[in-house]
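Below is one structure, written out as structure tokens, with a few remarks after it.
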Amino acid sequence: MLGSLKADILLQAAMRTETQLIIDREALQPIGAFDANSPAEAFTGKVGPRQVVLVTHGRDPTHQCDRIGTIPAATTCAAALARFSPKLIVNIGTCGGFLARGGSIGDLHLPERVAFHDQRVPIPGFREFARGELNTLPVDALRAELGALGGTCSSGGSLDATPEDRAILETLEARCKDMEAAAIAFVARDWRVPFIAVKCVTDLVDDPEAVQDAFLRNLRSATMRLATAASALLRSDYLPV
Ligand code: ADE
């Protein structure tokens with residue numbers, strides 16, 4: 001079945017924790033590894049008429065942790081596109097928010113734009129390439145249905161943010177900071193597959209508390225909010241597929 005399985009919607013999440021509730025609620029069945037050279041795992045099921053494939057990046061064989069970050073995001077996305085030919089990619093996961101932009105723990109975001117805040121190349125042409133700004137598929141009605149916010153989500157390889165990262169996040173007017181969305185959008189653009197992201201805020205980048213402490217404390221509640229959002233999204237009349 002795996003070889004011929006095609007997805008209407010590909011849900012992609014870095015961490016298994018972020019997806020277990022979705023797998024349980026939608027009764028998605030494990031189909032295991034789908035790329036011989038990657039620990040990424042897939043699950044599938046039908047939600048109404050839509051064939052859904054959910055992929056997580058899997059556990060790193062050396063470090064025994066979930067493979068978060070932009071590199072596994074891009075490699076997993078490319079492998080999943082090749083294997084499942086989805087009509088739409090939805091990156092689902094947690095993010096940091098910003099007090100200065102009115103953000104709160106638990107906010108849901110469906111960003112209108114993605115970018116990278118930690119790729120800096122001060123050479124004309126390469127500067128813009130490195131920044132990687134891309135628009136997501138316009139989904140205003142879906143955003144309203146989910147009660148989500150718009151704006152820019154900026155991705156980078158770190159959970160924390162250096163002063164240089166913070167300055168670029170400010171320039172981008174980012175409302176959400178993650179470690180995957182812009183990398184997946186980059187691959188989706190090459191494959192000409194529409195891309196959206198759904199992110200829930202676990203921590204506030206500009207709060208004095210260390211982001212990792214807030215992230216770990218709020219991960220469970222964010223996961224619940226994401227599962228509720230995923231159920232609504234998968235059944236929404238406002239999706240193009
Ligand atoms: N995921 C959750 N919180 C995050 C943060 N502050 N930065 C990047 N990714 C995150």
Side-chain angles (χ1 to χ4, degrees), residues 11-22 56-60 63 65-74 76-77 90-111 113-120 130-134 136 148-149 151-186 195-230:
L11 287 180
Q12 179 172 345
M15 297 175 75
R16 181 67 181 268
T17 323
E18 289 167 330
T19 55
Q20 191 58 51
L21 261 180
I22 303 172
T56 65
H57 299 178
R59 283 180 81 72
D60 188 78
H63 302 288
C65 63
D66 288 344
R67 301 235 281 190
I68 60 174
T70 54
I71 295 171
T76 302
C77 184
V90 183
N91 171 217
I92 194 149
T94 58
C95 68
F98 295 83
L99 283 171
R101 305 213 171 273
S104 304
I105 304 291
D107 283 349
L108 198 68
H109 289 265
L110 240 91
R113 195 170 65 130
V114 297
F116 292 100
H117 54 265
D118 69 352
Q119 297 190 163
R120 294 179 284 272
R131 186 59 43 83
E133 287 187 41
L134 284 173
T136 59
L149 302 162
T152 297
C153 176
S154 185
S155 306
S158 301
L159 189 68
D160 64 5
T162 65
E164 289 84 357
D165 294 339
R166 295 277 288 268
I168 293 168
L169 287 160
E170 182 67 32
T171 307
L172 290 166
E173 299 183 7
R175 299 178 77 181
C176 148
K177 169 180 175 285
D178 83 337
M179 298 176 68
E180 283 88 21
I184 299 172
F186 181 93
F195 168 84
I196 58 175
V198 181
K199 300 274 157 176
C200 185
V201 173
T202 48
D203 54 273
L204 296 160
V205 177
D206 49 356
D207 186 274
E209 182 183 20
V211 286
Q212 60 271 29
D213 295 345
F215 171 76
L216 292 170
R217 188 175 62 248
N218 296 313
L219 180 58
R220 170 99 195 129
S221 55
T223 299
M224 289 165 70
R225 178 110 210 248
L226 286 171
T228 303

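Keep in mind the model is a prediction, meaning the values are calculated, not measured. Numbering of ligands and ligand atoms starts at 1, following listing order.
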Subset of ligand 1 atoms that lie under 4.0 Å from at least one heavy atom of [X]:
X	answer
Phe215	2 (C)
Asp178	8 (C), 9 (N)
Thr202	2 (C), 3 (N)
Thr94	1 (N), 2 (C)
Asp203	2 (C), 3 (N), 4 (C), 5 (C), 6 (N)

So which protein heavy atom does atom 7 (N) of ligand 1 come closest to, and at what separation?
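Among all protein heavy atoms, the one nearest atom 7 (N) of ligand 1 is Lys177 NZ, 2.8 Å.
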In plain terms, say whether Arg225 and Asp107 are close enough for a salt bridge, that is, a side-chain N and a carboxylate O under 4.0 Å apart.
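No, Arg225 and Asp107 are not salt-bridged.
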Where the side chain of Thr76 meets the backbone of Ala73, is there a donor-acceptor pair that is under 3.5 Å apart?
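No; zero donor-acceptor contacts below 3.5 Å.
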Establish, from distance only, whether the side-chain atoms of Gln12 and His57 form a donor-acceptor pair under 3.5 Å.
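There is such a pair between these side chains.
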How close do Phe195 and Asn91 get, heavy atom to heavy atom, and via which atoms?
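It is CE1-CB, 3.7 Å.
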Least distance between heavy atoms, Lys199 atom then Asp178 atom:
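Heavy atoms of Lys199 and Asp178 come nearest at NZ-OD2, 2.7 Å.
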